[in-house]
There are 2 protein chains.
Amino acid sequence: MKTYTIKDIAKLAGVSKGTVDRVIHKRGKVSQKAFDAVTKLLEEIDYQPNPMARNLKNNKIYDICLVLPNPEEDSFWEPCILGANQAIEEFKSFGVNIKLFFYSPTSTKSFQDVNNKVLKLKPDAVLLTPLFYKESVSVAKNYQLAGIIVSIFNNQIDSKQVVSFVGQNLFQSGRVAAQLMHMIVPEKSEVVIVHIDETFNNAIHMQQKEKGFRDYFGEFRGTNNNVSVLSVKQENLYQSLIEFLKSNQNISGIFVTTSKAYKVVEILQQNNFKNIKLIGYDLLTENIDLLKSNIISFLIHQSPKTQTYLGLTYLVEHFLFKKEIPSKKLLPIDIVNSENLGSYLEN
Amino acid sequence: MKTYTIKDIAKLAGVSKGTVDRVIHKRGKVSQKAFDAVTKLLEEIDYQPNPMARNLKNNKIYDICLVLPNPEEDSFWEPCILGANQAIEEFKSFGVNIKLFFYSPTSTKSFQDVNNKVLKLKPDAVLLTPLFYKESVSVAKNYQLAGIIVSIFNNQIDSKQVVSFVGQNLFQSGRVAAQLMHMIVPEKSEVVIVHIDETFNNAIHMQQKEKGFRDYFGEFRGTNNNVSVLSVKQENLYQSLIEFLKSNQNISGIFVTTSKAYKVVEILQQNNFKNIKLIGYDLLTENIDLLKSNIISFLIHQSPKTQTYLGLTYLVEHFLFKKEIPSKKLLPIDIVNSENLGSYLEN
DNA sequence: GTGAAAGCGCTAACAG
DNA sequence: CTGTTAGCGCTTTCAC
């Protein structure tokens, strides 16, 4: 169980450390004979360089920028700061420097401005949430041209420039919501999918959840529940929802595809609608309180904190230990109710 | 954003690297004057030693032994091997050597024998599942006397010799099961808690789950569901269960406190009992199939793989990076149904 | 008490 | 093409 060093290999192959290093790093300038001898040995003993020593030499400070929507404008993003802080704490003594940047989730302009600012800083990598599709693709291109690694999380875009995505399978999470709904509403009752958006930049996000939700109920078509959709901008929510519910008296369940389930609850309570089951997303404090009192039945947890922490960790370990960055990491779709809530909040 | 080294500090304090090192490690033999100067500087710049360099010198191989029940006797433990392999893979190039040892979950003797064998190997740390309470306490003492760090996972014991526990809040997981059950069985129907055990070594485990389950239903006492208990050894399960169900015709839900829900299903199916909802534990392949076909409604995931991986990781990072080992880590209580199952299996 | 020096494993520059 | 050498930051030994 000995662990071999480059020195050992040099001795065994009858060459110097320098030559072994050249073989390992394919720097050329090695005779065929030496190359073969060393290669053979490396394979035989399954040589793994000591990551500590490798890094020690390379005394560089790695700069990573995290770009996400301002949590003050949408508290969904708050846990990301905790995830970032955890990574900052954990890696600071390794010479990793993580900086946070916020853009306004309602402004493509602000998204572009912030990213241009980051671009000028020339960090080693950027982790961002690509809320705006088109702009994100172009931003990613710019980063790549500048030799900056780009990872994304939470929202997915299709771009070769992006090395890694951390998030959730949204279609499937729609199915999960549907099954839970199916379980808690009466047979043959009506349920409605409510999309609430400020600027429709979440369109893709919400569509996938809707598809999954419908897909599930589609398997029971004819015999079972009836699914409708209400798609509104946030400022019209009150009026539209009331109207909808008045003309659809049999609604027994609402699936809110964003983290704004608590807004729907407000309206239901003000207008004295009872016996409507609710399923939504994300452990915002407003949602948590309603979950605890069982006014919301289930929340699906998208783990923004873990997403952020993982996205950053992949980048750091790539720099520090030359680990491969997973191109796609789909987190579990956590079902949260009032009883297991605490166990998620602790983590 | 410069990162300071002991060389910098030595220069600033007008002393040598050696003196700085002595101050940092409180090795004494430093004049008050030098001590004060260096201490002040260390605090001012919040000095963090470079963990890579620190470890490089210390070219030691760390031996960690993992002791758990033989997965061939109880497949619940299978994922632990995956978790262990992940840790082995990840840390092997850091000079960490993790070895696995199995004992028979039905034999205290085998538990003791295996641990004695491990003790003789004098590893740096042991991670074990203390299935047998009394024996585990004594085993932990022996390890500690030999200067071996002991961590435990999955099962908890009360022992000062144990530095870390990774697992789940079982009482709370019982409550989670109860709430789910409450949601899927008719009002005022009867539910039963089934404990299945080979040797009653899981007694504490199962009791806590039962307490949580009862606690939840207790909050609805009088108006609601009636909870009974069936406690059997595995070999008597068939007969006892049939008998119980025949004399309790109104049972509409069964909560199985171990990973053996599939055994209960077998019996129900053979005897043509219908419309009984099932909630159990753990993603064993037998359970997974029944979950997929919705014969089991929910499984609570105890994440044995993650438990193992985390338990090992804490030890490794303690040795390698002098990180503190968390004395207690409670994992989320994951609710798994047929729709979010896939997202857990991938992870 | 203290400083100087060697060395952990790896990299990279330099001389041959 | 190849070997030697210096040095990353820290620890430890040794001599003063």
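Numbers restart at 1 for each chain; the letters A, B, ... are given by sequence-line order, proteins then strands.
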Check every atom of D:dC1, D:dT11, C:dC10 against the side chain of A:Thr5 and return the nucleotide holding the closest atom.
C:dC10
Does a side-chain N or O of B:Arg54 approach OP1 or OP2 of D:dT11 to a distance below 4.0 Å, or not?
yes
Can you tell me how far C1' of D:dT11 sits from CG of B:Asn50, to the nearest Å?
13 Å
Between D:dC10, D:dG3, D:dC1, which nucleotide has the shortest distance from any of its atoms to the side chain of B:Ala53?
D:dC10
From CD1 of A:Ile61 over to C1' of D:dC8, roughly how many Å is that when rounded to an integer?
14 Å
Ignoring hydrogens and angles, are the base of D:dG9 and the side chain of B:Lys17 linked by a donor-acceptor pair under 3.5 Å?
no
Show your reasoning for whether side chain to side chain donor-acceptor pair (under 3.5 Å) applies to B:Tyr4 and B:Asp46.
CA-CA 9 Å; B:Tyr4 288 87; B:Asp46 184 29; over 6 Å; no
Nearest-angstrom distance from the residue atom NZ of B:Lys322 to P of D:dG9
19 Å
Rounded to the nearest Å, what distance is computed from the NZ atom of residue B:Lys29 to the P atom of nucleotide D:dC14?
13 Å
I need the NZ-C1' distance between A:Lys57 and C:dG7, as an integer number of Å.
14 Å
Taking only the side-chain heavy atoms of A:Thr19 (C-beta and beyond), determine which of C:dT2, C:dT11, D:dT2 contains the nearest atom.
D:dT2
Using whole Å, report how far CG of A:Leu56 lies from P of D:dG7.
14 Å
In terms of the nearest nucleotide of DNA chain C, which residue is placed more toward the 5' end: A:His25 or A:Lys7?
A:Lys7
To the nearest Å, give me how far apart CZ (A:Arg27) and C1' (C:dA13) are.
11 Å
Students often mix this up, so state it plainly: with edges at 30° and 60°, are the rings of A:Phe91 and A:Tyr309 parallel, tilted or perpendicular?
parallel
Applying a 4.0 Å non-hydrogen cut-off, can you work out what B:Asp21 is touching in the nucleic acid: base, sugar-phosphate, or nothing?
base
Can a side chain N or O of B:Tyr47 be found less than 4.0 Å away from OP1 or OP2 on D:dC10?
yes
When rounded to whole Å, the NZ to C1' distance for the pair B:Lys11 and C:dT2 reads 19 Å
Full working for ring pair (Phe, Tyr, Trp, His ring centres under 6.0 Å) between B:Phe321 and A:Phe94
CA-CA 10 Å; B:Phe321 305 124; A:Phe94 289 90; 5.3 Å; yes
Name the nucleic acid region contacted by B:Phe35, choosing base, sugar-phosphate or nothing; use a 4.0 angstrom heavy-atom cut-off, strictly under.
nothing
Residue-phosphate contact under 4.0 Å: A:Asn59 side-chain N/O, D:dG9 OP1/OP2
yes
Under a plain distance cut-off of 3.5 Å, with no hydrogens placed, do B:Thr129 and B:Tyr103 share a side-chain donor-acceptor pair?
yes
Give a yes/no verdict on a cation-pi contact between B:Lys141 and B:Tyr143, requiring under 6.0 Å between NZ or CZ and the six-membered ring centre and an angle within 45° of the axis.
no
Could one point to a donor on the side chain of A:Arg22 or the base of D:dG3 with an acceptor on the other under 3.5 Å away?
yes
